[in-house]
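Report on one structure; see the data block that follows.
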Number of protein chains: 2
Amino acid sequence: MSDDAATGSEESLATRLREQGLRLTPQRQLILRAVEELRHATPDEVLAHVRGQVSSVNASTVYRTLEVLEELGLVRHAHLSDRAPTYHSTLEHEHVHVVCRRCDSVRSYDTELVGPLVAALAEDGFTVDVGHLAIFGECASCVARPQEP
Amino acid sequence: MSDDAATGSEESLATRLREQGLRLTPQRQLILRAVEELRHATPDEVLAHVRGQVSSVNASTVYRTLEVLEELGLVRHAHLSDRAPTYHSTLEHEHVHVVCRRCDSVRSYDTELVGPLVAALAEDGFTVDVGHLAIFGECASCVARPQEP
DNA sequence: TTTGGTGCAAATAATTTGCAGTCTC
DNA sequence: GAGACTGCAAATTATTTGCACCAAA
């Protein structure tokens, strides 16, 4: 294994699984690593990536594993499209997703971007889940470009 | 018809449909009114509501109609759960949705809540679609309450 | 009369579940 | 060896589509 991130998270994976009396399997390692490598991936994309390495892995395993990894706190998901959820590693700093609906590009911003928002809602006792936040709109280059057909 | 909102929007509905060479049908009126009355409703909920009045309305009609209404600018949708989109009327002021993931309650906030955020992204040329924004977290009463089982 | 719209049923797509065999601990 | 995990296939759920008939303009 030559990937730093993967190496770091694989220790956590083993540890946290053990804590819960769960088992470390090749599938779980591969799926966690796929999420880390892909940065923002839907279950489908994770499946495709993992199958590139081990073709026998099943879709249901991906769904079940992402759920487990999320419970263990190793991955998180946000909704970056009208469709599937996208998963990302919690090794990355918590960040806010800003999505252009025209070109589907996703940019990550530091959480300070929503500092005022979080503070304002905190006054009402509301705790914002910043990592789950997705902000939609149109990016600079798409705004500059004429409307699509 | 005794509902003010419905009355107001029904004129727009007729007008905008005509502008596009589309037709005014009972289903379209009922579905638009359902969205207005329900405030935040998934296609399923809209269907159930409409069927309470006219049992023969079909699910595919609801999907197709919500799409048309959104194109006409009469309704909008946001993603307020990990599942279905929820539709709301554009007669209401544009607002930001704040959703508690523990009790699923939804509160609407004035768009000024995200003013700083919108301004910050505008500096990067990004135009935020405020009406589509959903902010997740935990509301005051759920935070106060002990964890669920 | 001329399309656009609707209901219906079948097709997709995405995700979940039951189960029997397999593998981790 | 016990029980968790996986693959597979079938079941769900949500949404879309093709088509014949109906109806708004």
Side-chain angles (χ1 to χ4, degrees), chain A residues 10-11 13-35 41-72 74-75 77-87, chain B residues 10-11 13-35 41-72 74-75 77-87:
Chain A
E10 266 165 42
E11 287 170 28
L13 176 58
T15 307
R16 306 213 192 168
L17 284 170
R18 206 175 307 125
E19 287 169 357
Q20 306 294 315
L22 302 176
R23 292 172 185 175
L24 180 61
T25 66
Q27 287 88 336
R28 287 178 175 172
Q29 297 181 67
L30 287 167
I31 290 168
L32 175 56
R33 211 179 308 155
V35 171
T42 62
D44 246 24
E45 294 165 342
V46 170
L47 178 60
H49 189 83
V50 169
R51 277 192 165 152
Q53 304 164 67
V54 179
S55 59
S56 63
V57 177
N58 193 272
S60 46
T61 300
V62 171
Y63 285 108
R64 287 187 282 226
T65 300
L66 288 172
E67 199 178 319
V68 170
L69 295 178
E70 190 152 28
E71 276 162 15
L72 296 178
L74 296 169
V75 306
H77 79 274
H79 295 272
L80 270 36
S81 81
D82 280 0
R83 297 206 155 265
T86 58
Y87 287 82
Chain B
E10 265 164 45
E11 287 169 27
L13 176 59
T15 307
R16 306 213 192 168
L17 284 169
R18 206 177 307 124
E19 287 169 358
Q20 306 293 316
L22 301 177
R23 293 174 186 175
L24 180 60
T25 66
Q27 288 87 335
R28 287 178 174 172
Q29 297 181 66
L30 287 167
I31 290 168
L32 175 57
R33 210 178 309 155
V35 170
T42 61
D44 246 23
E45 293 165 342
V46 171
L47 178 60
H49 189 83
V50 169
R51 277 192 165 153
Q53 303 164 66
V54 179
S55 60
S56 63
V57 177
N58 194 272
S60 46
T61 300
V62 171
Y63 285 108
R64 287 187 283 225
T65 300
L66 289 172
E67 200 178 319
V68 171
L69 295 179
E70 190 152 28
E71 277 161 15
L72 296 178
L74 296 169
V75 307
H77 79 273
H79 295 273
L80 268 36
S81 80
D82 282 359
R83 297 210 153 263
T86 58
Y87 288 81

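Below, chain A is the first sequence line, B the second, and so on; all start at residue 1.
Contact annotation: Y63(A) does not reach the phosphate of dT16(C) (side-chain N/O to OP1 or OP2, under 4.0 Å). An OP1 or OP2 oxygen of dG7(D) is reached within less than 4.0 angstrom by a side-chain nitrogen or oxygen of Q27(A). OP1 or OP2 of dC5(D) has at least one side-chain nitrogen or oxygen of R28(A) nearer than 4.0 Å.
The distance from atom CD1 of I31(A) to atom P of dC5(D) is 12 Å, rounded to the nearest whole Å. Atom CG in L30(A) sits roughly 13 Å away from atom C1' in dT6(D) (whole-Å rounding). Distance CG (L72(B)) to C1' (dG5(C)): 14 Å, rounded to an integer number of Å. Distance CG (N58(B)) to C1' (dT16(D)): 12 Å, rounded to an integer number of Å. For H77(B) and dA14(D), the NE2 to P distance is 16 Å, given to the nearest whole Å. Distance, L17(A) CG to dC23(C) P: 18 Å, rounded to whole Å. Atom-to-atom, CD of E67(B) to P of dT17(D) comes out at 8 Å; the value is rounded to the nearest Å. Remark: C1' of dC5(D) and CG of L32(A) are 17 Å apart, rounded to the nearest angstrom.
In the model, N58(B) has a side-chain atom that pairs as donor or acceptor with a side-chain atom of S60(B) under 3.5 Å.
Side chain of T65(A), nearest nucleotide from dA14(C), dG7(D), dT6(D): dT6(D). Side-chain atoms of T61(B) lie closest to dT6(C) of the nucleotides dT6(C), dT17(D), dG5(C). Comparing dG7(C), dT16(C), dG5(C) by their nearest atom to the side chain of L22(B) picks out dG5(C). In this structure, of dT6(C), dG7(D), dT16(C), it is dG7(D) that holds the atom nearest to the side chain of R64(A).
Residue Y87(A) holds its OH atom at 12.5 Å from CD of E45(A), rounded to the nearest 0.5 Å. To the nearest 0.5 angstrom, T61(B) atom OG1 is 9.0 Å from L47(B) atom CG. Rounding to the nearest 0.5 angstrom, the gap separating the CZ atom in R33(B) from the CD atom in E10(B) is 4.5 Å.
Between S60(B) and G21(B), the residue anchored closer to the 5' end of DNA chain C is G21(B), taking for each the nucleotide with the nearest heavy atom. The residue among R83(B) and A59(B) whose nearest nucleotide of DNA chain C is located toward the 5' end is A59(B).
Side-chain contact between R28(B) and L17(B): present, with at least one pair of heavy atoms (C-beta onward) separated by less than 4.5 Å. When side chains are defined from C-beta on, V35(B) counts as touching L66(B), because their heavy atoms get closer than 4.5 Å. Residues V46(A) and T42(A) fail the side-chain proximity criterion, which asks for heavy atoms closer than 4.5 Å. Looking at V68(A) and L22(A), their side chains come closer than 4.5 Å, going by heavy atoms from C-beta outward. Side-chain contact check for L74(A) versus L13(A): some heavy-atom pair is nearer than 4.5 Å.
End-to-end axis angle for the helix from dT1(C)-dA25(D) to dC25(C)-dG1(D), using five pairs per end and rounding to 10°, comes out at 40°.
Counted within 6.0 Å of CD on Q53(A), heavy atoms from surrounding residues, nucleotides or ligands total more than 12; the atom is thus considered enclosed.
Of the residues in residues 48-57 of chain B, those lying under 4.0 Å from DNA chain C by heavy-atom distance are S56(B), V57(B).
Nearest approach of L24(A) to A14(A), heavy atoms of both residues: CD2-CB, 4.2 Å.
For the pair R51(B) (side chain) and V57(B) (backbone), a donor-acceptor distance under 3.5 Å is present.
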Show each protein N/O and nucleotides 22-24 of chain D N/O combination with a separation under 3.5 Å, one pair to a line.
unit_1: dA24(D); atom_1: N3; unit_2: R23(B); atom_2: NH1; d: 3.3

